[in-house]
Amino acid sequence: MVDPVALSPRARTQALADMGRGELDVLVVGGGVVGSGAALDAATRGLSVGLVEARDWASGTSSRSSKLIHGGLRYLEMLDFRLVAEALKERGLLLRVLAPHLVRPVPFLYPLQHRVTERPYVGSGVLLYDALARASGTSGGLPLHRHLSRRRALHEAPALRSDALVGAIQYWDAQVDDARHTLFLARTAASYGALTANRTRVSRFLRQGERVVGAVVTDLESGDETEVRAKQVINATGVWTDDTQAMAGTRGQFHVRASKGVHLLVPRDRINSRTGLILRTEKSVLFVIPWGRHWIIGTTDTDWTLDKAHPALSSKDVTYLLEHVNSVLATPLVPEDVEGVYAGLRPLLSGEAAETSKLSREHLVAHPVPGLVVVAGGKYTTYRVMAKDAVDEAVRGLDEKVPDCVTHRVPLLGADGYPALWNSRRRLAEHSGLHVARVEHLLNRYGSLAPELLALVAADPALGEALPSSDDYLRVEAVYAVTHEGARHVEDVLARRTRISIESWDRGVDAAPTVARLMAPHLGWDRAHEDREVDHYLKRVAAEREAQQQPDDRTADAVRLGAPDIIPVT
């Protein structure tokens with residue numbers, strides 16, 4: 001068990017200074033799930049590692065997924081058994097070893113609509129799904145699927161129209177708070193010695209002849225530049241892969257295009273069900289996923305060529321999702337039921353050259369020039385495999401012998417001791433003075449690090465109070481986000497360290513001033529700075545709400561861009 005390192009403001013400053021001294025073995029560019037995973041992989045092999053992210057940890061695709069850890073049931077229909085088996089193995093590792101405090105089981109009901117042929121067809125696929133999970137040796141202890149009559153299916157999901165199904169099959173997958181999981185990867189990497197800095201952009205790559213030997217990074221908070229020398233650089237920038245490659249002056253061996261996936265959040269009481277749902281559409285599948293006090297409904301799959309940092313929803317997206325879910329609901333949802341929305345961009349591969357190393361149908365790794373490794377594509381569940389493949393490729397360019405990957409047996413911070421603390425949650429509640437539900441909330445978000453937050457509450461009991469209009473989250477979480485989790489702005493806390501921006505009815509508007517006040521002393525803000533942070537966040541929410549009313553992508557994008565980043569990334 002490694003001692004946890006806090007991603008504090010001082011630690012960030014020190015990390016940037018240390019990156020400028022000497023030469024790193026590996027510099028990872030991109031603080032999403034793959035980049036953070038690569039930093040952890042390299043650090044746990046004993047390499048010296050730097051990790052930089054231009055915005056915030058998980059601020060792109062890695063905070064805007066469907067929040068599922070799954071094998072991809074639909075890939076069985078494509079006969080891609082190897083990919084499904086790989087993902088199911090990773091699902092089991094996350095559930096049992098790597099992140100049991102962040103990843104948890106979730107049931108799904110697949111309604112059957114045809115009496116004769118559909119049950120054996122779907123049933124054989126789900127049976128194979130379970131069999132592949134068991135064969136991986138890391139099934140995670142999830143229940144096996146079960147066949148349900150229409151009566152039993154309606155008992156599980158009374159919200160379904162009785163004429164929308166003749167029966168159902170229920171199976172189990174897993175879900176995760178993607179932003180928190182990615183953050184835990186970055187923080188765990190730091191605890192193993194990686195130097196990490198968010199809000200730090202690569203301005204240009206350093207070259208020695210044809211070889212990439214590092215990068216010049218700009219601290220976007222201060223404007224200071226640092227030359228970071230590295231034997232190998234890993235480009236893990238997702239939908240920005242082509243932009244990053246352009247800075248290296250190389251033509252990519254493959255290209256990444258962005259596909260927009262939209263999700264809606266509706267209150268839990270709008271759909272009466274004890275289980276999630278998976279529905280077929282004419283293009284793919286639609287999930288209805290239990291998420292605390294809400295359901296997440298998603299997703300779409302449309303090409304996106306506009307702003308990559310803030311993909312915007314349109315009224316067309318909302319209508320599409322509501323129409324499809326309403327096709328099976330006894331009481332249809334209306335647009336007014338939608339409390340939260342978000343859209344993410346999937347990095348899809350659009351082509352590769354013969355020299356590219358194809359490591360799976362889902363992701364690719366290439367070494368376009370000496371010293372620069374590129375990893376792209378893939379899915380959230382298999383991030384660890386992508387990270388391993390990228391570091392394996394980087395290691396080939398090092399002159400020393402490097403140990404093999406060990407991340408399959410390296411728990412993230414908060415995992416060790418989590419089950420014992422969970423069993424002791426009532427005692428923790430009694431000692432802390434918090435309700436046991438509050439302690440459960442902290443354990444499910446911080447695992448065995450929860451006592452660090454309880455200590456802050458013990459020192460200042462006011463921190464045990466809920467944030468305004470966001471009863472699920474405590475004030476201590478806003479403070480801890482700054483002192484231990486690298487949050488630099490109000491938006492970081494409301495959109496990623498918590499999920500208030502999509503879960504609260506007002507999207508965090510009421511909580512923003514309190515969050516700014518709690519952050520201020522730890523970041524040296526005066527009252528004017530607090531006001532700027534709150535004003536920025538309110539403009540962001542207003543722009544997102546207005547964009548949601550627009551008829552198409554282009555007009556929605558134009559409206560959303562009316563609220564620029566608080567720290568421009570240029």
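Everything numeric in this text was worked out from a predicted model, so none of it was measured.
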### Message
Is it true that D416 and S448 share a donor-acceptor pair across their side chains at a distance under 3.5 Å?
### Response
no
### Message
Checking Q232 against D25: is there a side-chain donor and acceptor pair closer than 3.5 Å?
### Response
no
### Query
Are E227 and R229 ion-paired here, with the side-chain N under 4.0 Å from a carboxylate O?
yes
### Query
Can you check whether V33's main-chain N or O pairs, donor with acceptor, with S62's side chain at less than 3.5 Å?
yes
### Salt-bridge contact R540-E544 (side-chain N to carboxylate O under 4.0 Å)
yes
### Query
Is it true that a side-chain atom of E53 and a backbone atom of N198 form a donor plus acceptor pair closer than 3.5 Å?
no
### Message
Please find the pair of heavy atoms, one from S432 and one from L454, that lie closest to each other, and give the distance.
### Response
CB-CD2, 4.0 Å
### Query
Where do V341 and R507 come nearest, in terms of heavy atoms and distance?
CG2-NH1, 3.7 Å
### Query
Can you check whether L88's main-chain N or O pairs, donor with acceptor, with T381's side chain at less than 3.5 Å?
no
### Task
Please examine the side chains of L428 and W422, heavy atoms only from C-beta on, and report whether any two atoms are closer than 4.5 Å.
no
### Message
I'd like to know if the side chain of S504 pairs up with that of S469 as donor and acceptor (distance under 3.5 Å, no hydrogens or angles considered).
### Response
no
### Closest heavy-atom pair and its distance - V239, A258
CG1-CB, 4.1 Å
### Query
Heavy-atom distance under 4.5 Å between the side chains of L398 and L47, does that happen here?
yes
### Query
Would a distance-only check, ignoring hydrogens and angles, find a side-chain to backbone donor-acceptor pair under 3.5 Å from S65 to T61?
no
### Query
In this structure, which one of R199, R55, R497 forms a side chain to side chain donor-acceptor pair (under 3.5 Å) with D492?
R199
#### Entry: Student check: side-chain heavy atoms of E465 and L474 closer than 4.5 Å
no
### Query
At their closest point, which heavy atom of R475 faces which heavy atom of A462, and how far apart are they?
CD-O, 3.6 Å
### Query
Closest approach of R499 and A179, non-hydrogen atoms and distance?
NH1-CB, 3.9 Å
### Check: S63 side chain, A58 main-chain N or O, donor-acceptor pair, under 3.5 Å
yes
### Message
Between L24 and K231, is there a side-chain heavy-atom distance shorter than 4.5 Å?
### Response
no
### Task
Count the heavy atoms of every other residue, nucleotide or ligand shown that sit under 6.0 Å from NZ of K89, and state whether that count exceeds 12.
no
### Task
Look at the side chain of S222 and the backbone N and O of D224, then say whether any donor-acceptor pair between them is shorter than 3.5 Å.
yes
### Task
Keeping the roles fixed (side chain from R496, backbone from A487), state whether a donor-acceptor pair exists under 3.5 Å.
no
### Query
Where do E440 and R438 land on the salt bridge (Lys or Arg N to Asp or Glu O under 4.0 Å) test, with the steps shown first?
CA-CA 5 Å; E440 289 176 350; R438 296 293 196 196; over 6 Å; no
### Query
Is it true that a side-chain atom of D506 and a backbone atom of D510 form a donor plus acceptor pair closer than 3.5 Å?
yes
### Query
Can you check whether V5's main-chain N or O pairs, donor with acceptor, with R187's side chain at less than 3.5 Å?
yes
### Summary
Partner of V365 under side chain to side chain contact (heavy atoms under 4.5 Å, CB included), picked from V375, I234, D392, is V375
### Query
Looking just at side-chain N and O atoms, do E90 and Y383 make a donor-acceptor pair shorter than 3.5 Å?
no
### Check: S203/T218 side-chain N/O donor and acceptor closer than 3.5 Å
yes
### Query
Looking just at side-chain N and O atoms, do E491 and H536 make a donor-acceptor pair shorter than 3.5 Å?
yes
### Summary
CZ (R180) and CG (L183) are apart, to the nearest 0.5 Å, by 6.0 Å
### Query
Do the side-chain N and O atoms of W291 and Q175 include a donor-acceptor pair separated by under 3.5 angstrom?
no
### Query
Going by distance alone, is a donor N or O of one side chain under 3.5 Å from an acceptor N or O of the other, for D389 and H363?
yes
### Message
Determine whether a donor-acceptor pair (N or O, by modelled atom type, separation under 3.5 Å) exists between the side chain of H367 and the backbone of A394.
### Response
no
### Message
Do the side chains of E430 and R427 get close enough for a salt bridge, i.e. N-O under 4.0 angstrom?
### Response
no
### Query
Among side-chain atoms of T407 and R384, is any donor-acceptor pair under 3.5 angstrom?
yes
#### Entry: Heavy-atom pair of closest approach, residues S470 and A511
OG-CB, 3.9 Å
#### Entry: Minimum side-chain heavy-atom gap P513-V534 below 4.5 Å
yes
### Message
Tell me whether D243 is salt-bridged to K308, with the criterion being a basic N under 4.0 Å from an acidic carboxylate O.
### Response
yes
### Query
Measuring from L442:CG to L434:CG, what's the distance to the nearest 0.5 Å?
7.0 Å
#### Entry: Residue pair V515 / L467, side-chain heavy-atom distance below 4.5 Å
yes
### Query
Which residues pass the salt bridge (Lys or Arg N to Asp or Glu O under 4.0 Å) test with D18, sequence neighbours left out?
R21
### Message
With a 4.5 Å cut-off on side-chain heavy atoms, are V233 and F205 touching?
### Response
yes
### K67 charged N/C atom sitting above Y342 aromatic ring, 6.0 Å / 45°
yes
### Query
Using the ring of each side chain (for Trp, its six-membered ring), is Y446 parallel, tilted or perpendicular to Y480, with breaks at 30° and 60°?
perpendicular
### Message
Side chains of R91 and L95, heavy atoms from C-beta outward: is any pair under 4.5 Å?
### Response
yes
### Task
Compute the centroid of each ring, for Y380 and then for H181, and state whether the two points are separated by less than 6.0 Å.
yes
### Query
What distance separates L195 CG from L16 CG, expressed to the nearest 0.5 Å?
9.0 Å
#### Entry: Interatomic spacing from OG1 in T13 to CD in E221 - rounded to 0.5 Å
9.5 Å
### Task
Measure from the ring center of H441 to the ring center of Y473 and say whether it is less than 6.0 Å.
yes
### Task
Measure the spacing between NE2 of H489 and CG of L494 and express it to the nearest 0.5 Å.
13.0 Å
### Message
What's the separation between atom CG in D404 and atom CG in D41, rounded to the nearest 0.5 Å?
### Response
10.0 Å
